[in-house]
Amino acid sequence: MMIKPSTCLRNEYNDIADFCKTENQPVFLTKNGEGDLVVMSMEAYEYREEMLDLREKLLEAEAQRLSGVKTFSLDEVNSLMEEIINGNI
C-alpha cells in the first residue's frame, strides 16, 4: 500500500500514475496527516465497479432464492436455451 501526502499528486503525478498502472494498486493521499483521497488507474476502477455490480446481482439472486422464488437447474436452463434457439418457444 502506498500512502503519500496530497502535495505529491501535483509534484509526482507521473510517478503515481505509473505506479497505479503497473502495480494495479491504488495510492492513498493524505491532507494534513489525515486520509483524504484514493487514486487508482481507470482499469482498476472499471474492474472494481464491475465486481461491485456483480456482487450486488449475486446478493439479489441469493435473496430471491432464500425468499422462495423459483430457481432453475443448469439442465433446465440448457433445455430452455435449446428450445429458444430451435424456435420451439
Side-chain angles (χ1 to χ4, degrees):
M1 175 170 25
M2 182 182 286
I3 302 172
K4 297 268 192 178
S6 60
T7 56
C8 287
L9 186 59
R10 178 180 56 238
N11 300 331
E12 301 174 22
Y13 177 85
N14 290 331
D15 293 336
I16 291 172
D18 288 343
F19 174 83
C20 290
K21 292 173 186 173
T22 59
E23 299 298 319
N24 202 27
Q25 294 291 318
V27 174
F28 298 87
L29 300 175
T30 62
K31 184 175 182 181
N32 299 325
E34 298 287 326
D36 189 40
L37 297 172
V38 176
V39 178
M40 64 177 64
S41 70
M42 291 295 294
E43 292 82 13
Y45 176 79
E46 289 170 357
Y47 177 79
R48 185 180 192 294
E49 290 298 306
E50 289 172 4
M51 290 299 105
L52 289 172
D53 185 48
L54 177 60
R55 182 176 186 269
E56 184 178 323
K57 289 176 182 176
L58 289 171
L59 287 172
E60 182 180 328
E62 180 65 3
Q64 289 177 355
R65 184 188 70 81
L66 292 173
S67 69
V69 173
K70 176 159 175 42
T71 60
F72 297 91
S73 70
L74 184 58
D75 290 335
E76 290 172 321
V77 171
N78 283 334
S79 294
L80 287 170
M81 293 301 291
E82 284 181 20
E83 289 180 23
I84 291 170
I85 291 169
N86 295 328
N88 296 334
I89 289 185

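Because the structure is a prediction, the values reported are computed rather than measured.
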Please list, chain by chain and in numerical order, all residues satisfying salt bridge (Lys or Arg N to Asp or Glu O under 4.0 Å) with [X], sequence neighbours excluded.
| X | result |
| --- | --- |
| Lys70 | none |
| Glu12 | Lys4 |
| Arg65 | Glu62 |

Membership question, hydrophobic clusters at under 4.5 Å side-chain separation (ILVMFWY): are [Y] and [X] in the same one?
| X | Y | result |
| --- | --- | --- |
| Phe72 | Val69 | no |
| Tyr47 | Met1 | no |
| Met81 | Leu74 | no |
| Met42 | Val38 | no |

Connecting only ILVMFWY residues whose side-chain heavy atoms lie within less than 4.5 Å of each other, what is the rest of Leu59's hydrophobic cluster?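 In the cluster with Leu59 there is nothing else; it is isolated.
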
Residues sharing Val27's hydrophobic cluster, by side-chain heavy-atom contacts under 4.5 Å among ILVMFWY, directly or via others?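 Taking Ile, Leu, Val, Met, Phe, Trp and Tyr as members, Val27 shares its hydrophobic cluster with Met2, Leu9, Tyr13, Ile16, Phe19, Leu29, Leu37, Val39.
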
Looking only at heavy atoms, which two atoms of Glu76 and Thr71 are closest? And how far apart?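 Smallest interatomic distance, heavy atoms only, reads OE1-O, 4.1 Å.
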
List the atom of Cys20, the atom of Ser41, and the distance in Å for their closest heavy-atom pair. CB-N, 3.9 Å

What distance do Ser6 atom OG and Asn11 atom CG have between them, rounded to the nearest 0.5 Å? 10.0 Å

Return the OH to CD distance between Tyr45 and Glu50, rounded to the nearest 0.5 Å. 11.0 Å

Kindly write out the residues that satisfy side chain to side chain donor-acceptor pair (under 3.5 Å) with Asp53, not counting sequence neighbours, or none if the list is empty.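 Partners of Asp53 under the side chain to side chain donor-acceptor pair (under 3.5 Å) test: Lys57.
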
Compare all side-chain heavy atoms of Arg55 with those of Met51 and state whether any distance is below 4.5 angstrom.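 No, side chains not in contact.
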
With a cut-off of 6.0 Å (strictly less than), are more than 12 heavy atoms of other residues, nucleotides or ligands near CG of Asn32?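 No, because the 6.0 Å sphere around CG of Asn32 holds 12 heavy atoms or fewer from other groups.
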
